[in-house]
A.B. asks: 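Would you mind keeping the following structure in view while I ask a few things?
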Amino acid sequence: MSLEAHLRAQRADGRKLLVPYITGGLGDEWLDVVRACAAAGADAVEIGIPFSDPIMDGTTIQAASVRALELGATPEGVIAQAAALDVGIPLAVMTYYNLVFHMGLDRFASSLADSGVSGVILPDLPLDELVESGFDEIAARRGVEPVLLASPTTTDERLGRICEHARGFVYGVSLMGVTGERGELAESARVMGRRLKAATDRPALLGVGISTPQQAAEASQYADGAVVGSALVRTLLDGAGPEGAAEFVATFRAALDAA
């Protein structure tokens, strides 16, 4: 299932897009958590492949990665387990380029395709290196869509190139800093959303620091929807399980539908 085609179709139907983030390998029920999020109204699910040096992630997702690694999670294992997911919406993985390079670019992309994963987010692989490494062409051959990130400091010229090369959606980073919960939607998120919508027709989502249904609904007024990570992962670390994850996603879905 194409990530971008699916999100475009949902947007064309007037739907605000919701993509929850879940740490892969976080307990025996993590696949059921993905299923629960899909059933509760997610438009795609972002699966984090645990890494020991997650430079973009704050304390909550770092803690989840550590726990998953202690439980034996590996990149190959998380990707292979994802093959068991038949949830009717696209899946994307998020990890860091060190793991991809170590596995081998073609082997990594092939493993995603074989497991039915549509997209990949590599926050430490900038646009220039995406092209120079050849990973954009490798991913295209395997039918995997690289989601690219744009930050509040991205220049207009570079933003245009990011939007041109991105596939799946463009991930607008709402604020400078690592992932984590915030008390309100940052002004930089509003600016980022406006810039993305002016720069591209590709689905544009805001993420990083979006922590409540109200913040997600507000973000959707400036972009096509929101990625929600730390707030959901915190509930999972606290023992929420699939039912708790479903309740969490359902509250965000309701807020977006009412926005």
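In this chain, numbering begins with 1 at the start of the sequence shown.
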A.B. asks: For atom CD of E76, decide whether the heavy atoms of other residues, nucleotides or ligands shown that lie under 6.0 angstrom number more than 12.
C.D. replies: yes
A.B. asks: Can you get from M1 to I121 by hopping between Ile, Leu, Val, Met, Phe, Trp and Tyr side chains that sit under 4.5 Å apart?
C.D. replies: no
A.B. asks: In the single-linkage hydrophobic clustering (I, L, V, M, F, W, Y; side-chain heavy atoms under 4.5 Å), do L69 and V233 co-cluster?
C.D. replies: no
A.B. asks: Using atom types as modelled and distance alone, determine if a side-chain donor or acceptor of E46 lies under 3.5 Å from a backbone N or O of V227.
C.D. replies: no
A.B. asks: How many angstroms lie between atom CG of N98 and atom OG of S52, to the nearest 0.5 angstrom?
C.D. replies: 8.0 Å
A.B. asks: Looking only at heavy atoms, what is the nearest atom pair of A216 and F252, with distance?
C.D. replies: CB-CD2, 3.7 Å
A.B. asks: Between D224 and R202, is there a salt bridge with N-O shorter than 4.0 Å?
C.D. replies: no
A.B. asks: Is there side-chain contact between M103 and S111, with heavy atoms separated by less than 4.5 Å?
C.D. replies: yes
A.B. asks: List the residues meeting side chain to side chain donor-acceptor pair (under 3.5 Å) with E70, not counting sequence neighbours, and say none if there are none.
C.D. replies: none
A.B. asks: For the pair S133 (side chain) and L130 (backbone), establish whether a donor and an acceptor sit closer than 3.5 Å, ignoring hydrogens and angles.
C.D. replies: yes
A.B. asks: Considering all heavy atoms of both residues, which atom of P152 and which atom of S188 are nearest to each other, and what is their separation?
C.D. replies: CG-CB, 4.2 Å
A.B. asks: Look up atom CZ in F169 and atom CD in E145, then write down how far apart they are to the nearest 0.5 Å.
C.D. replies: 10.5 Å
A.B. asks: So, the side chain of R167 versus the backbone of H165: is there a donor-acceptor pair under 3.5 Å, distance only?
C.D. replies: yes
A.B. asks: Between S151 and V173, is there a donor-acceptor pair closer than 3.5 Å when you use the side chain of the first and the backbone of the second?
C.D. replies: no
A.B. asks: Taking all non-hydrogen atoms of both residues, which atom of L3 and which atom of A44 are closest, and how far apart?
C.D. replies: CD1-CB, 3.8 Å
A.B. asks: For D114 and R107, what are the C-alpha separation, side-chain angles and deciding distance, and is it a salt bridge (Lys or Arg N to Asp or Glu O under 4.0 Å)?
C.D. replies: CA-CA 10 Å; D114 290 345; R107 179 184 168 205; over 6 Å; no
A.B. asks: Examine I138 and V131 and state if one hydrophobic cluster contains both, with Ile, Leu, Val, Met, Phe, Trp and Tyr joined whenever side-chain heavy atoms are less than 4.5 Å apart.
C.D. replies: yes
A.B. asks: Starting from L99, can I reach V66 by hopping between I/L/V/M/F/W/Y residues whose side chains sit under 4.5 Å apart?
C.D. replies: no
A.B. asks: For L236 and A245, work out which heavy atoms get closest and say how close.
C.D. replies: CD2-CB, 4.1 Å
A.B. asks: Let me confirm one number: the OH-OG distance from Y222 to S174, rounded to the nearest 0.5 Å.
C.D. replies: 12.0 Å
A.B. asks: For R8 and D201: C-alpha separation, side-chain torsions, deciding distance, then whether side-chain contact (heavy atoms from CB on, under 4.5 Å) applies.
C.D. replies: CA-CA 9 Å; R8 282 183 178 273; D201 183 54; 2.9 Å; yes
A.B. asks: Hey, is E164 close enough to R161 for a salt bridge, meaning N to O under 4.0 Å?
C.D. replies: no
A.B. asks: To the nearest 0.5 Å, what is the distance between OG on S110 and CZ on R141?
C.D. replies: 9.0 Å
A.B. asks: Do any N or O atoms from the side chain of T251 and from the backbone of V249 form a donor-acceptor pair under 3.5 angstrom?
C.D. replies: no
A.B. asks: Would you compute the distance between atom CG of L127 and atom CD of E132 and round it to the nearest 0.5 angstrom?
C.D. replies: 9.5 Å
A.B. asks: Does the side chain of E4 come within less than 4.5 Å of P203's, by heavy atoms?
C.D. replies: yes
A.B. asks: Please table the atom pairs, donor to acceptor, closer than 3.5 Å between any side-chain atom in residues 13-26 and protein atoms at least two apart or in another chain.
C.D. replies:
residue: R15; atom: NE; partner: D43; partner atom: OD1; Å: 2.4
residue: R15; atom: NH2; partner: G41; partner atom: O; Å: 2.9
residue: R15; atom: NH2; partner: D43; partner atom: OD1; Å: 3.4
residue: K16; atom: NZ; partner: S220; partner atom: O; Å: 2.9

A.B. asks: Between V191 and I162, is there a shared hydrophobic cluster once you connect ILVMFWY residues whose side-chain heavy atoms come closer than 4.5 Å?
C.D. replies: no
A.B. asks: Between side-chain atoms of residues 79-96 and protein atoms elsewhere (two or more places apart, or another chain), which donor-acceptor pairs fall under 3.5 Å?
C.D. replies:
residue: Q81; atom: OE1; partner: W30; partner atom: NE1; Å: 2.9
residue: Q81; atom: NE2; partner: G77; partner atom: O; Å: 3.3
residue: T95; atom: OG1; partner: I49; partner atom: O; Å: 3.3
residue: Y96; atom: OH; partner: M56; partner atom: N; Å: 3.1
residue: Y96; atom: OH; partner: D57; partner atom: OD2; Å: 2.9

A.B. asks: Check whether any side-chain N or O of T200 sits under 3.5 Å from a backbone N or O of L196 as a donor-acceptor pair, and report yes or no.
C.D. replies: no
A.B. asks: Show, in sequence, the C-alpha distance, side-chain angles and deciding distance for L112 and R142, and conclude whether the side-chain contact (heavy atoms from CB on, under 4.5 Å) test is met.
C.D. replies: CA-CA 8 Å; L112 295 182; R142 299 300 182 185; over 6 Å; no
A.B. asks: Checking Q214 against E218 for the side-chain contact (heavy atoms from CB on, under 4.5 Å) test, could you report, in this order, the C-alpha distance in whole Å, the side-chain angles of both residues, the deciding distance, and whether it holds?
C.D. replies: CA-CA 6 Å; Q214 293 73 27; E218 184 178 359; over 6 Å; no
A.B. asks: So which atom in L125 and which in F135 form the shortest heavy-atom distance, rounded to 0.1 Å?
C.D. replies: CD2-CD2, 4.2 Å
A.B. asks: How far apart are the C-alpha atoms of I210 and L185, what are their side-chain angles, what is the distance that settles it, and do they pass the side-chain contact (heavy atoms from CB on, under 4.5 Å) test?
C.D. replies: CA-CA 7 Å; I210 296 176; L185 187 72; 4.0 Å; yes
A.B. asks: Under 4.5 Å between any side-chain heavy atoms of R158 and D128, yes or no?
C.D. replies: yes
A.B. asks: Could you check if a side-chain atom of V78 sits within less than 4.5 angstrom of a side-chain atom of P50, using non-hydrogen atoms only?
C.D. replies: yes
A.B. asks: Taking the side chain as every heavy atom from C-beta outward, state whether Y97 and V100 have any pair of such atoms under 4.5 Å apart.
C.D. replies: yes
A.B. asks: Looking only at heavy atoms, which two atoms of A150 and L159 are closest? And how far apart?
C.D. replies: CB-CD1, 3.5 Å
A.B. asks: Any side-chain heavy atom of F248 within less than 4.5 Å of one from V228?
C.D. replies: yes
